[in-house]
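Because the structure is predicted, anything quoted here is derived from the model rather than measured.
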Amino acid sequence: MIGFNELTALFGGILIGTSATVLLLFNGRIAGISGIVNGAISFKSAESWRWIFIIGMLIGSALYEYVLAAQPTPISTFAPWAMLGGGFLVGFGTRMGNGCTSGHGVCGLGRLSLRSLVAVLTFMASAIATVFLTHHVLPGGW
C-alpha cells in the first residue's frame, strides 16, 4: 500500500468514530453511509442533515487529498465495467444486509450489535475471497 502511515490511519479512525458518535448523540442517527445516501436521493424525507453529512464527507476527503496528503491517491486502473459491477453488488449487498460496512463496522460494532458482527465477518470473508480470486485464480489479474 502506497503512503500508508499508522498515525494518519489512527487519526482517520478517530475522526470517523467521533463523527459517528456526534451524529448519534446530537441527531439520534446512525452514520451508515448507504442509508444516509439512500435517504438523501430518495427525496422521501425533508431531512437536510443527510445532504450536510454527504457534503461534509466530500469536503473532508477533498481537504485531505489536496491539502494534507503527502502524495496523491493512486488512480484506479480497474475497467469501468468492473467498477460498475462492483458498485451494483455493493449496493445490492447493503440493501440485503440492511447496512454497509460503515454502518455495521463503525456504528454497529460500537453498539455491540450481534447482527453487525455477523455482517462485518461476512464482509471480511467476502473481501478475502474476492482478493484471492482476482489475484491468484483468475488469469491475468484484474
Side-chain angles (χ1 to χ4, degrees), residues 1-43 45 47-142:
M1 185 175 285
I2 298 172
F4 178 76
N5 180 316
E6 293 85 2
L7 289 178
T8 57
L10 176 64
F11 186 64
I14 290 171
L15 287 176
I16 290 170
T18 301
S19 66
T21 302
V22 167
L23 184 64
L24 184 60
L25 284 176
F26 293 105
N27 204 8
R29 300 292 184 158
I30 295 175
I33 306 306
S34 63
I36 291 172
V37 172
N38 184 44
I41 62 174
S42 69
F43 299 107
S45 64
E47 297 175 313
S48 60
W49 69 269
R50 294 177 188 271
W51 284 105
I52 293 169
F53 194 90
I54 293 168
I55 291 168
M57 283 193 319
L58 294 173
I59 290 172
S61 60
L63 181 69
Y64 177 78
E65 179 70 21
Y66 297 111
V67 177
L68 301 173
Q71 54 188 300
T73 302
I75 296 174
S76 172
T77 57
F78 286 107
W81 66 267
M83 294 177 69
L84 286 173
F88 173 77
L89 290 174
V90 168
F92 184 74
T94 56
R95 294 296 290 180
M96 219 170 112
N98 200 22
C100 61
T101 52
S102 60
H104 284 297
V106 175
C107 302
L109 290 181
R111 296 171 46 229
L112 304 176
S113 166
L114 180 60
R115 181 177 75 170
S116 292
L117 176 62
V118 172
V120 168
L121 291 175
T122 304
F123 297 151
M124 294 300 294
S126 299
I128 291 168
T130 300
V131 169
F132 180 77
L133 285 173
T134 58
H135 286 74
H136 302 290
V137 176
L138 294 175
W142 282 21

For I54, side-chain contact (heavy atoms from CB on, under 4.5 Å) partners two or more places apart
I36, V37, A40, W51, L58
Does anything in residues 90-109 form a salt bridge (Lys or Arg N to Asp or Glu O under 4.0 Å)? List the pairs, not counting sequence neighbours.
none
Determine the minimum heavy-atom distance between S116 and H104, stating which atoms define it.
OG-ND1, 2.9 Å
To the nearest 0.5 Å, how far apart are CD1 in I30 and OG in S113?
8.5 Å
Residues 10-23 vs side chain to side chain donor-acceptor pair (under 3.5 Å), sequence neighbours excluded, gives none
Scan the side chains in residues 123-133 for donor-acceptor partners under 3.5 Å anywhere in the protein, sequence neighbours excluded, and list what turns up.
{"unit_1": "S126", "atom_1": "OG", "unit_2": "T122", "atom_2": "O", "d": "2.9"}
{"unit_1": "T130", "atom_1": "OG1", "unit_2": "S126", "atom_2": "O", "d": "2.8"}

If I take atom CD1 from residue I41 and atom CZ from residue R50, how far apart are they, to the nearest 0.5 angstrom?
11.0 Å
Where do T8 and N5 come nearest, in terms of heavy atoms and distance?
OG1-O, 2.9 Å
So, using side-chain contact (heavy atoms from CB on, under 4.5 Å) as the criterion, who are the partners of A31 when residues are at least two apart?
A20, L23, F53, C107
Distance-only donor-acceptor hits, side chain of residues 84-91, under 3.5 Å, sequence neighbours excluded:
none

Could you list all the salt bridge (Lys or Arg N to Asp or Glu O under 4.0 Å) pairs where at least one residue sits in residues 104-132, not counting sequence neighbours?
none
Once you round to the nearest 0.5 Å, how far does OG1 of T94 lie from CG of N38?
8.0 Å
For residues 14-33, pull every pair meeting salt bridge (Lys or Arg N to Asp or Glu O under 4.0 Å), keeping only residues two or more places apart or in separate chains.
R29-E47
Could you tell me the separation between the OH atom of Y64 and the CZ atom of F11, rounded to the nearest 0.5 Å?
10.5 Å
